[in-house]
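One structure is given below, encoded as structure tokens.
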Amino acid sequence: VALEQALAEGDETEAALVQALAEVEGLRAEAKLLPAGLGEAARALDVLARQAEVAAALADRVDNTIGLAFEQLRARHAEALRVEAAMVSAPVEAEAAALATIAHEARADADAALADVHRGRALLVAER
């Protein structure tokens, strides 16, 4: 009975060892696949890094395009303001030119009147 019990325990131990060996072999197989999996992961990370660089370049291009569009918009707005200012200032400039002409004519009239006063004074002095 003890022998049968020992044989049964031996069989159980052998089965446990066979199971353990199978698990070790499975782990070895997984360990062999691990470097290949790491290599795939490294390649995937490399691809992701390249995609990130492309995305960054595209973002720069979009940023430059947006900046250029804003610059063009600012330039158009500034030109529109210059045109509007010219349209508004044209009548003002014409009025200023007309006033300058009137002022010049008034100055000429004042100079003529002063000359008349000087002549009149000269005549008065001469008559005395």
Side-chain angles (χ1 to χ4, degrees):
V1 177
L3 183 58
E4 287 178 15
Q5 190 176 5
L7 285 174
E9 285 177 10
D11 288 341
E12 288 176 16
T13 302
E14 185 180 353
L17 285 173
V18 168
Q19 178 65 29
L21 283 173
E23 288 177 13
V24 166
E25 286 302 317
L27 289 173
R28 275 190 191 154
E30 286 180 28
K32 287 180 182 176
L33 293 177
L34 188 60
L38 289 176
E40 285 181 35
R43 282 189 291 281
L45 288 174
D46 188 45
V47 168
L48 287 174
R50 279 189 248 129
Q51 289 175 346
E53 289 173 359
V54 169
L58 287 173
D60 284 344
R61 188 179 304 160
V62 167
D63 187 45
N64 290 340
T65 301
I66 289 171
L68 180 61
F70 275 124
E71 188 57 38
Q72 289 173 345
L73 182 63
R74 271 183 254 154
R76 286 186 200 139
H77 185 65
E79 182 60 27
L81 288 175
R82 279 192 289 278
V83 168
E84 187 175 341
M87 288 172 40
V88 168
S89 68
V92 172
E93 289 174 1
E95 185 70 23
L99 289 174
T101 300
I102 291 170
H104 182 69
E105 290 172 355
R107 174 66 189 243
D109 290 346
D111 287 343
L114 184 61
D116 286 345
V117 167
H118 285 282
R119 274 194 301 275
R121 184 182 285 162
L123 286 175
L124 285 177
V125 169
E127 287 180 9
R128 276 193 198 170

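- Annotation: side chain of Arg82 is in contact with side chain of Glu79 (closest heavy-atom distance under 4.5 Å).
- Rounded to the nearest 0.5 Å, atoms CD (Glu84) and NE2 (His77) are 9.0 Å apart.
- Note: the hydrophobic cluster containing Val54 does not contain Val62 (ILVMFWY, side chain heavy atoms under 4.5 Å, direct or indirect links).
- More than 12 heavy atoms of other residues, nucleotides or ligands lie within 6.0 Å of CZ in Arg74, so this atom counts as buried by the packing criterion.
- More than 12 heavy atoms of other residues, nucleotides or ligands shown are found within 6.0 angstrom of CD on Gln72.
- Going from atom CG of Asp109 over to atom NE2 of His104 covers 10.0 Å, rounded to the nearest 0.5 Å.
- Here CG of Leu58 is found 11.5 Å from CD of Gln51. Values are rounded to the nearest 0.5 Å.
- Note that CG of Asn64 and CD of Glu71 are 12.5 Å apart. Values are rounded to the nearest 0.5 Å.
- Taking 4.5 Å as the limit, every side-chain heavy atom of Arg43 sits out of range of all side-chain heavy atoms of Val47.
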